[in-house]
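Below is one structure, written out as structure tokens, with a few remarks after it.
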Amino acid sequence: MSLEDELLKQRLERIAEIEALGYRAYGSRYDFTHTIPEILAGYGTKGAEELLPEVRVRVAGRLMTLRHMGKAGFAHLQQSGERLQIYVKRDAVGERDFKLFKLLDIGDIVGVEGYLFRTRTGELSIHAERLEFLSKTLLSMPEKWHGLEDVETRYRQRYLDLIANPEVRGVFLTRARIIASLRRQLEAHGFVEVETPMMQPLYGGAAARPFITHHNTLDIDLYLRIAPELYLKRLIVGGLERVYEINRNFRNEGLSTHHNPEFTMLEFYQAYTDYRGLIDFSAELLAQVAREATGGTTVEYEGCQLDFSHLERYSMREAVVHFWEGEGRPTPEEVADPAWLRRHSSKPTAGEALTDLFERQVEARLIQPTVIYDYPVETSPLSKNKPGDPAFVERFEIYAAGMEIGNAYTELNDPQEQRRRFEMQLGMRERGDLEAHQMDQDYVRALAYGMPPTGGEGIGIDRLTMILTGSRSIRDVILFPLLRPEGAIDLVTQLQSLDGK
RNA sequence: GGGCCGGUAGCUCAGUAGGUAGAGCAUGUGCCUUUUAAGCACAGGGUCGCGGGUUCGAGUCCCGCCCGGCUCACCA
């Protein structure tokens, strides 16, 4: 018999023994007086005499260590990633509870009632007087001091990762604080949270390939959204002048340490401002998010100290000159010269060539939080032109740690110009560009009713979380990242064969 | 998709030159009423990712495939 079969059989037999003692193997409600973190926070620094008179507690948690010593034993209970030791003595808990104690496995969930004390070595512990059984583990826990290290198992069985690696819990708590901080700040500025369609008959607002699904009753194909942008701007037309949405976008593209097919985006739109207003607001938002998520505005990421207290600012052309490394650094006049640009890139237009040079020469070097502004019109079909410089639009992106984390612009609100931009995109689509935007006629109609001048911005929550938690891979900040499905799981077959025995 | 690296006990990992597969933790039995990587004694546990091939003999060499990681390309 394999170890796994044997273990499973042992555990099922043990359930029967536990039930024979009169406990339920999968117990019910347990009213605790304290969580383990509360006990550690409240009594963690108290000396033995300060724990008198007796502090009585009831706690629940998962058993993570177990040390039997004849007629007594020690164990650690884990709750919310923190551990508290319990001391179980036969004379103190009685015969029945002590029999239960001897049947416990690492990973079982139990309730303990008793009083706090300090052991001979000084560790705050519960002197147990009653045990309750709450849930059985049938499988063995990962090893006690290495934890669970296999990356694939960590992603596939995140529950196990969270049990075995407490720091993983911290990453996702920080993620939650980041989102809460953004919501709080936006609400404080009068933004209203809205929800717009995830299933869209036309996909737009970004350049990406979509996932396709189907609605049976209407018998139509729908696309999972690649961005909420065009719906949010319809709301601006409708007079919801400050709106935001934090939710998933779906892009049917490759996976990497910086890309997951579904990812979380904050988008917000503010009427009567422009991209300059948004740069200032972004600086404020990011500094405050960093403070609320990490406690300060300086964050270490891959050995660099990132300072979120302010945003560095360069136009795209300035950035190409400033960050160019090695031979051939251009002058400001050269990066403004379409002929020079086309000579230094294979891209067909000056604007695309500038973007190409920026991506090759600059992007990876933008380590400190930095705004890059003034983008070529060719790559920005929804942004408003710069007055007096129609080759550029009022757009900026935010970079940190060499990654794009935000994208914003003054919204194009001229329906005639928007129609022309869509037609330009259709031309690119006909030439085989699967990611060119589709014509959204209703969006043009909405603009035709008049959209106030508006600034809009998107911030990638996953990447921002990576930076603020020091995570190298986007999979470390997404609880269940997309993986190829695994095959049949032996456990289920084994449970079938052992059922009823 | 290309390149590189990895998959050995439940977990973390060794495996020398091709010669019948190891350790620690975990598990089982016994002892142990303040231990904490508890300790002591004994024991069980492996389709070496899958399939082919070479060989008297393959965890080890060769080919194909599966899964994963990093990286490049792609993703403005």
State which of rU29(B), rU35(B), rG69(B) makes the closest approach to the side chain of Val151(A). rG69(B)
What nucleic acid atoms does Arg67(A) come within less than 4.0 Å of, heavy atoms only: base, sugar-phosphate, or nothing? base
Rounded to the nearest Å, what distance is computed from the CZ atom of residue Arg251(A) to the P atom of nucleotide rC74(B)? 17 Å
Protein-nucleotide distance (His258(A), atom NE2; rC70(B), atom P), rounded to Å: 10 Å
Is it the case that the ring center of Tyr399(A) lies less than 6.0 angstrom away from the ring center of Phe358(A)? yes
Polar pair under 3.5 Å, donor/acceptor by atom type, side chain Ser140(A), base rU27(B): no
Taking OH from Tyr155(A) and P from rG68(B), how many angstroms apart are they, rounded to a whole number? 12 Å
Can you check side chain to side chain donor-acceptor pair (under 3.5 Å) on Gln85(A) and Thr119(A), steps first, answer last? CA-CA 10 Å; Gln85(A) 183 170 256; Thr119(A) 63; 4.6 Å; no
Return the orientation label for the Phe101(A) and Phe98(A) ring planes: parallel under 30°, perpendicular over 60°, tilted otherwise. tilted
With a distance cut-off below 6.0 Å to the six-membered ring centre and an angular limit of 45° from the axis, does Arg365(A) pair with Phe323(A) as a cation-pi contact? no
Between the base of rU34(B) and the side chain of Glu123(A), is one N or O donor paired with an acceptor at under 3.5 angstrom? no
Symbol by symbol from the 5' end, with Watson-Crick or G-U pairs under 3.5 Å, [ ] crossing and | another strand, RNA chain B is (((((((..((((.....[..)))).(((((.......))))).....(((((..]....))))))))))))....
The side chain of Met69(A) lies closest to which of these nucleotides: rU29(B), rU33(B), rC11(B)? rU33(B)
Taking NZ, NE, NH1 and NH2 as the nitrogens, is one of them in Asp161(A) or Arg475(A) under 4.0 Å from a carboxylate oxygen of the other? no
Choosing from rC11(B), rA26(B), rA76(B), which nucleotide comes nearest the side chain of Pro142(A)? rC11(B)
Between the protein and nucleotides 13-15 of chain B, list the N/O to N/O atom pairs that are separated by less than 3.5 angstrom.
{"from": "rC13(B)", "atom 1": "OP1", "to": "Glu149(A)", "atom 2": "OE1", "distance (Å)": "3.1"}

Just checking Gly487(A): base, sugar-phosphate only, or nothing, at a heavy-atom cut-off of under 4.0 Å? nothing
May I ask you to say what Phe117(A) touches in the nucleic acid, namely base, sugar-phosphate or nothing, with a heavy-atom cut-off under 4.0 Å? base
Please evaluate the base of rC11(B) for a donor-acceptor partner in the side chain of His146(A) within a cut-off of under 3.5 Å? no
Between Arg484(A) and rC67(B), is there a side-chain N or O to OP1/OP2 distance below 4.0 Å? yes
Glu129(A) has an atom CD; how far is it from atom P of rU33(B), in whole Å? 20 Å
Given rC70(B), rC32(B), rA76(B), identify the nucleotide with an atom nearest to the side chain of His68(A). rC32(B)
For Tyr23(A), does the six-membered ring have the charged nitrogen or CZ of Arg96(A) within the cation-pi criterion, i.e. under 6.0 angstrom from the centroid and within 45° of the normal? yes
How many Å lie between CG on Leu255(A) and P on rC67(B), as a whole number? 13 Å
Apply ring-ring contact (aromatic ring centres under 6.0 Å, His included) to Phe268(A) and list each qualifying residue two or more places apart in sequence or on a separate chain. Phe191(A), Phe281(A)
Quick one: do Arg14(A) and Glu17(A) make a salt bridge, cutoff under 4.0 Å? no
Mind calculating the distance between CZ (Arg463(A)) and P (rC75(B)) to the nearest angstrom? 14 Å
Output yes when at least one side-chain N/O atom of Arg156(A) is less than 4.0 Å from OP1 or OP2 of rC67(B), else no. no
To the side chain of Tyr87(A), which of rC67(B), rA26(B), rU33(B) is closest? rU33(B)
